[in-house]
There are 2 protein chains.
Amino acid sequence: MGLAKTEMFTDEQNEISLFAKVFGHPARVAILEHLFKIDRCVCGDLVNEIGLAQPTISQHLKELKHLGLIKGNVVGTSVCYCINTENWVKMKEVMIRFLDKDIPKPDCC
Amino acid sequence: MGLAKTEMFTDEQNEISLFAKVFGHPARVAILEHLFKIDRCVCGDLVNEIGLAQPTISQHLKELKHLGLIKGNVVGTSVCYCINTENWVKMKEVMIRFLDKDIPKPDCC
DNA sequence: ATATATTATCGTAATATTGCAATGAATAAA
DNA sequence: TTTATTCATTGCAATATTACGATAATATAT
């Protein structure tokens with residue numbers, strides 16, 4: 001059905017999957033890496049930087065913003081985007097808690 | 001077109017997005033967490049544990065296996081799955097390098 | 001007011017994902 | 001050999017995602 005049955009999972013499992021899903025496209029990874037690299041806020045040169053069409057970039061930005069990982073401020077006719085550092089740190093804690101489990105004995109089967 | 005243009009991104013960006021995509025469904029998160037929890041290898045009780053139909057679980061397992069994050073050994077009529085610890089550590093390094101960037105100054109825009 | 005620039009939204013086509021019933025393959029037990 | 005058990009695979013329907021052209025919305029400049 002193309003629809004994840006979220007009701008049968010814990011809130012944490014659903015949260016992890018939502019964060020992971022937004023990282024599940026290289027364009028969004030590239031947008032985030034560029035925002036980190038230039039440190040200060042950014043506007044629409046993401047289109048030039050990445051090479052996808054403007055509506056496509058805009059759509060990816062929307063998803064990142066919707067999850068709270070970036071912020072966008074209107075500056076004149078353009079929009080300045082930047083990392084939402086507070087939420088990024090929270091997300092990082094959730095994801096690292098998931099990734100950083102005790103490793104079981106090797107060759108368990 | 002529903003098709004990511006992977007050729008315009010770096011290998012690392014594509015790798016990150018592939019790992020993230022597999023975590024982008026709560027069932028796969030739940031499978032992995034259960035495999036970590038019971039520490040020793042696991043077979044088909046994942047269906048009971050999670051509550052999705054057997055073909056659905058089997059499909060998710062296939063994706064996790066395809067990415068190398070789990071291993072599966074045939075034991076009689078059942079199959080024992082476990083974390084592929086070596087690859088998990090490698091994946092973790094890639095993901096944490098992505099997540100753990102220097103945080104820019106707050107309120108940059 | 002008009003023109004320009006920038007970004008968001010809408011609509012649409014192509015493809016991917018999710019979930020499961022039905023079925024198949026393999027092994028173990030009777 | 002027959003039957004039961006377990007898991008994989010196939011096929012399909014429903015939904016989601018990706019990408020972009022066209023267009024709307026907003027603000028600035030002339």
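Everything numeric here is computed off the predicted structure, so don't read it as measured data. Numbered from 1 within each chain, the chains take letters A, B, ... in sequence-line order.
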- Closest nucleotide of DNA chain D for B:Val47 versus for A:Gly51: which of these residues is on the 5' side? B:Val47
- Task: Compare side-chain N and O positions of A:Tyr81 against OP1 and OP2 of C:dA8 and report whether any pair is under 4.0 Å apart.
- Result: yes
- How close or far is atom C1' of C:dC20 from atom CG of B:Leu52, stated in whole angstroms? 10 Å
- D:dT17 P sits how many Å from A:Phe23 CZ, rounded? 16 Å
- Message: Show the nearest heavy-atom pair for residues B:Gly72 and B:Tyr81, with the distance to one decimal.
- Response: CA-CD2, 3.6 Å
- Query: For D:dT17, does OP1 or OP2 lie under 4.0 Å from any side-chain N or O of A:His60?
  - Reply: no
- Message: Using modelled atom types and a 3.5 Å cut-off, is there a donor and acceptor pairing between side-chain atoms of B:Asn14 and backbone atoms of B:Thr6?
- Response: yes
- Message: Of the options C:dA22, C:dG19, D:dC20, whose atoms approach the side-chain atoms of A:Ala53 most closely?
- Response: D:dC20
- Task: Please find out if less than 6.0 Å separates the ring center of A:Phe19 from that of A:Trp88.
- Result: no
- Message: For a quick check, tell me whether the side chain of B:Ser78 and the base of D:dT6 share a donor-acceptor pair closer than 3.5 Å.
- Response: no
- Please state whether the phosphate of C:dT7, meaning OP1 or OP2, lies under 4.0 angstrom from any side-chain nitrogen or oxygen of A:Ser58. no
- Spacing between A:Asn73 atom CG and C:dT6 atom C1', to the nearest angstrom: 15 Å
- Can you tell me if the side-chain N/O atoms of A:Lys21 get under 4.0 Å from OP1 or OP2 in D:dT17? yes
- Minimum-distance nucleotide to B:Pro55 side chain [options: C:dC20, C:dT9, D:dT18]: C:dC20
- Task: Report yes if a donor N or O on one partner sits less than 3.5 Å from an acceptor N or O on the other, where the partners are the side chain of B:Thr77 and the base of C:dA28; otherwise report no.
- Result: no
- Query: Just checking B:Ile57: base, sugar-phosphate only, or nothing, at a heavy-atom cut-off of under 4.0 Å?
  - Reply: nothing
- Note on the structure: Taken to the nearest whole Å, CD1/B:Ile31 to P/D:dC7 is 12 Å
- Query: What nucleotide, of C:dT7, C:dC20, D:dA19, holds the atom closest to the side chain of B:Thr56?
  - Reply: C:dC20
- Note on the structure: Here the distance between atom P of C:dT17 and atom CG of B:Leu18, to the nearest Å, is 10 Å
- Task: Look at B:Glu12 together with B:Arg97 and state whether they make a salt bridge at an N to O cut-off of under 4.0 Å.
- Result: yes
- Message: Are B:Phe98 and A:Phe23 an aromatic pair, judged by ring center distance below 6.0 Å?
- Response: yes
- Query: Is a side-chain donor or acceptor of A:Glu63 paired with a backbone partner of A:His60 at a separation under 3.5 angstrom?
  - Reply: no
- Item | Nucleotide C:dA8, atom C1' - distance to CG of A:Leu46 in whole Å | 15 Å
- Item | A:Asn48 CG - C:dT7 C1' separation (whole Å) | 14 Å
- Query: Does a side-chain N or O from A:Lys5 land closer than 4.0 Å to OP1 or OP2 of C:dC20, or not?
  - Reply: yes
- side-chain N/O A:Lys62 vs C:dT7 OP1/OP2, d < 4.0 Å: no
- Query: Could you state the NE2-C1' distance from B:His25 to C:dT17, rounded to the nearest angstrom?
  - Reply: 8 Å
- Take A:Lys65 and B:Ala27, find for each the nucleotide of DNA chain C with the closest heavy atom, and name the residue whose nucleotide sits nearer the 5' end. A:Lys65
- Query: Side-chain donor or acceptor of A:Gln54 under 3.5 Å from a matching atom on the base of C:dA8?
  - Reply: yes
